[in-house]
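Remarks on the structure that follows.
Here, residue 1 is the first one in the sequence, and each next residue gets the next number.
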Amino acid sequence: MVSPLKIAIDGNEANVTHRVGSNVYAFEIIKHMEALTRKASNGHQIQVTVLLAEPAVKDLPKERPGWRYQILTPKKFWTQWALPIHLFLHRNNYHVFFTPGHYAPRLSVVPYISSVMDVAFLEFPEQFKKNDLLQLTHWTKYSVTNAQKVIAISEATKQDIVAKYGKAASDIVVAYPSVTLPSKEATSLKKAATLKKLGIQKPYVVYVGTLQPRKNIIKMVEAFESLKRSLASQDIRQKSKLKRQHHSEKLQLVVAGKIGWLADDTLQRIKESPFFSDILLPGYVTEDVKQILLQEAEASILVGLYEGFGIPPLESMHLGTLPIVAHAMSLPEVVGKAGILVDPLSHHSIADGIKKALQLTAKGKAKYRREMRKQVKKFSWEESAQKILGALIEVGENKQ
């Protein structure tokens, strides 16, 4: 009989109620890994202990034989104090440790696999708060350096890890994020009521995400202004065509998401826009509202300077809405042929991308939707969880 493979997981990134970004990634990977480990995998019976600083939230997988939660104290300095002490004292109880976030303990007697969402903090250090930058820079470096394997969320992130940290490409596993949309689509009445409540009128284009400098929102606003001016000065025949199709002179830009760090300049630029009345800031929106905003938009926009992955474009494609994305980092990898690529440093290029989306014929839209249906099939939580589990089994076998 094969002895059980014993895995420890840092579950704190997933152990929150309002999840964004890396929280969602950690939660979905843990949820799907639990499903995979209910049965033997590769000849192993797998036992998992999810280590937490606080009691598990309700929607984490329920405990069962082979899947349990353990709370470690103290909560303060958990990653560098409570966690490494626990791993040291129980080093014979675990074959491998996994963290779905950037940070592993500085000292770990148990071989581990860590994860990297992106290394934007190295490319654009001025766009991060000083304390966050120091922690991201130093903690990520030793976590990657000492990891047996590293999980990257895109091929672009993988190449950055190789370039920035000298990690062997063979020790980096790409496990893409996916999306989990609400199972029930809103009715037409619900959609209309939601847009009316937020003051949104069609047509509009939408950005969904945190408001922070590296999201390049100021350049997006400049593009919107350029397009509005262009539409206002179109020759009568072309303007008439656009009006019949989209009432484009009434075009709105919706910027939905919570206010992030260093967002003051972005908010001030929006406030000073000559088209401020056409720029809407609904703030943080629920998943249901986000789905409506994406589904009813002419296009979604993500022109960030550096994206480890692009969840909003992937959500947009699932909903049949054309994504306009920066021709940079992972975003071409995410949308493939199913989106419009633009230069994120040129507001003219972004404006042209929006205009192209507005002018698409029914045939053109149908072509993009066919590409969207093909593209979204490349991203699966179950497949990514299986890749990570396979890496854990490989590392764990070397410890047994």
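- Met372 and Leu341 fall within the same hydrophobic cluster, defined by Ile, Leu, Val, Met, Phe, Trp and Tyr side-chain heavy atoms under 4.5 Å apart, directly or through other members.
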Go through the steps for Asp160 and Asp118 under the test side chain to side chain contact (heavy atoms under 4.5 Å, CB included), then give the verdict. CA-CA 8 Å; Asp160 269 356; Asp118 62 61; over 6 Å; no

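- The distance from the CD1 atom of Ile270 to the CE atom of Met220 is 7.0 Å, given to the nearest 0.5 Å.
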Check against side chain to side chain contact (heavy atoms under 4.5 Å, CB included), Tyr112 and Asn146
CA-CA 8 Å; Tyr112 70 83; Asn146 297 317; 3.2 Å; yes

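- With hydrophobic clusters built from ILVMFWY side chains whose heavy atoms lie under 4.5 angstrom apart, Leu36 does not share a cluster with Phe97.
- Under the 4.5 Å side-chain heavy-atom criterion for grouping Ile, Leu, Val, Met, Phe, Trp and Tyr, Phe77 is connected to Leu87 within one hydrophobic cluster.
- Here the side chain of Ser226 pairs no donor or acceptor atom with the backbone of Glu222 at under 3.5 angstrom.
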Can I get a per-line list of side-chain donor-acceptor pairs under 3.5 Å for residues 49-58, giving both atom names and the distance, sequence neighbours left out?
from  : atom 1 : to    : atom 2 : distance (Å)
Thr49 : OG1    : Arg68 : NE     : 3.3
Glu54 : OE2    : Lys75 : NZ     : 2.5

What do the steps show when you test Arg38 against Arg64 for side chain to side chain contact (heavy atoms under 4.5 Å, CB included), and what is the final call?
CA-CA 9 Å; Arg38 286 180 205 161; Arg64 59 168 173 78; 3.6 Å; yes

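- A donor-acceptor pair is defined here as one N or O able to donate and one able to accept, closer than 3.5 Å; such a pair exists between the side chain of Gln375 and the backbone of Val334.
- For the atom pair CD1 of Ile29 and NZ of Lys387, the computed distance is 10.5 Å after rounding to the nearest 0.5 Å.
- Residues Leu83 and Leu60 do not share a hydrophobic cluster, clusters being chains of Ile/Leu/Val/Met/Phe/Trp/Tyr side chains in contact below 4.5 Å.
- Between the side chain of Ser349 and the backbone N or O of Val342 there is no donor-acceptor pair closer than 3.5 Å.
- A donor-acceptor contact shorter than 3.5 Å links the side chain of Gln80 to the backbone of Arg106.
- At distances below 3.5 Å, at least one donor-acceptor pair connects side-chain atoms of Asn216 with backbone N or O atoms of Pro344.
- When all heavy atoms are compared, the tightest approach of Phe379 to Ser178 is O-OG, 3.1 Å.
- In this structure the side chain of Val395 never reaches within 4.5 angstrom of the side chain of Phe98, judged on heavy atoms.
- Across all their heavy atoms, Tyr176 and Glu333 have their closest contact at OH-OE2, 2.7 Å.
- In terms of heavy-atom proximity, Ala357 sits nearest to Ala299 at CB-CB, 4.0 Å.
- Counting side-chain heavy-atom gaps under 4.5 Å among Ile, Leu, Val, Met, Phe, Trp and Tyr, the cluster of Leu262 also holds Tyr103, Val116, Val119, Phe121, Leu122, Phe124, Phe128, Leu133, Leu136, Trp139, Tyr142, Val144, Val150, Ile161, Val162, Tyr165, Ile172, Trp261, Leu305, Tyr306, Met329, Leu345.
- A donor-acceptor pair shorter than 3.5 Å cannot be found between the side chains of Ser154 and Ser330.
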Notebook entry, point to check: Which is it for Val173 and Ile388 under the side chain to side chain contact (heavy atoms under 4.5 Å, CB included) test, yes or no, and what are the steps along the way?
Noted result: CA-CA 8 Å; Val173 177; Ile388 295 172; 5.6 Å; no

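- The closest side-chain heavy-atom distance from Leu392 to Met33 is below 4.5 Å.
- Across Pro203 and Glu298, no two heavy atoms sit closer than the pair CB-CG, 3.6 Å.
- Residues Met117 and Phe309 have side chains not in contact (no heavy-atom distance under 4.5 Å, counting atoms from C-beta outward).
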Quiz item: After noting the C-alpha distance and the side-chain angles of Phe224 and Tyr207, does the key distance pass the ring-ring contact (aromatic ring centres under 6.0 Å, His included) rule?
Solution: CA-CA 12 Å; Phe224 177 71; Tyr207 162 87; over 10 Å; no

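- Residues Asn12 and Val16 approach most closely at O-CG1, 4.3 Å, considering heavy atoms.
- Looking only at side-chain heavy atoms (C-beta outward), Val285 and Leu293 come within less than 4.5 Å of each other.
- Note on Ile113 and Tyr94: separate hydrophobic clusters, where clusters join Ile, Leu, Val, Met, Phe, Trp and Tyr whose side-chain heavy atoms are under 4.5 Å apart, directly or indirectly.
- Atom CZ of Phe88 sits in a sparse spot, with 12 or fewer heavy atoms from other residues, nucleotides or ligands closer than 6.0 Å.
- Heavy-atom neighbours of Gln268 CD from other residues, nucleotides or ligands within 6.0 Å: above the threshold of 12.
- In Gln201, the CD atom is not crowded: 12 or fewer heavy atoms of neighbouring residues, nucleotides or ligands sit closer than 6.0 Å.
- Rounded to the nearest 0.5 Å, atoms CD1 (Ile324) and CD1 (Ile350) are 9.5 Å apart.
- The side-chain heavy atoms of Leu227 and Leu251, taken from C-beta on, include a pair separated by under 4.5 Å.
- Hydrophobic cluster of Leu134: no remaining members, since no ILVMFWY side chain lies below 4.5 Å from it.
- Using a distance-only test at 3.5 Å, with no hydrogens or angles considered, no donor-acceptor pair links the side chain of His327 to the main chain of Asp343.
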**Q.** Chi angles and distances behind the salt bridge (Lys or Arg N to Asp or Glu O under 4.0 Å) call for Arg19, Glu13
**A.** CA-CA 9 Å; Arg19 300 184 181 97; Glu13 194 75 23; over 6 Å; no

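- Within 6.0 Å of NZ in Lys191 there are more than 12 heavy atoms belonging to other residues, nucleotides or ligands.
- With Lys167 contributing its side chain and Ala147 its backbone, the two residues share a donor-acceptor pair below 3.5 Å.
- In this structure, the side chains of Phe27 and Asp59 come closer than 4.5 Å at one or more pairs of heavy atoms.
- The side-chain hydrogen bond (donor to acceptor under 3.5 Å, both in side chains) check on Gln212 picks up Arg214, with sequence neighbours excluded.
- Interatomic distance, Ile85 CD1 to Leu72 CG, rounded to the nearest 0.5 Å: 10.0 Å.
- Minimum heavy-atom separation, Leu294 to Thr321: O-OG1, 2.7 Å.
- In this structure the side chain of Glu307 reaches within 4.5 angstrom of the side chain of Lys215, judged on heavy atoms.
- Under the 3.5 Å distance criterion, with hydrogens and angles disregarded, no donor-acceptor pair is assigned to the side chains of Gln252 and Asp278.
- Tyr25 pairs by the ring-ring contact (aromatic ring centres under 6.0 Å, His included) definition with Trp381, not counting sequence neighbours.
- Between the side chain of Glu371 and the backbone N or O of Gly339 there is no donor-acceptor pair closer than 3.5 Å.
- Contact annotation: the side chain of His318 approaches that of Leu314 to within less than 4.5 Å [non-hydrogen atoms, C-beta and beyond].
- Ser273 and Glu225 share a donor-acceptor pair across their side chains, judged by distance under 3.5 Å alone.
- The line from CD1 of Ile151 to OG1 of Thr157 is 12.5 Å long, rounded to the nearest 0.5 Å.
- In this structure, the separation between CD on Glu34 and CG on Leu389 is 11.5 Å, given to the nearest 0.5 Å.
- For His90, the ring-ring contact (aromatic ring centres under 6.0 Å, His included) test picks out His86, with sequence neighbours left out.
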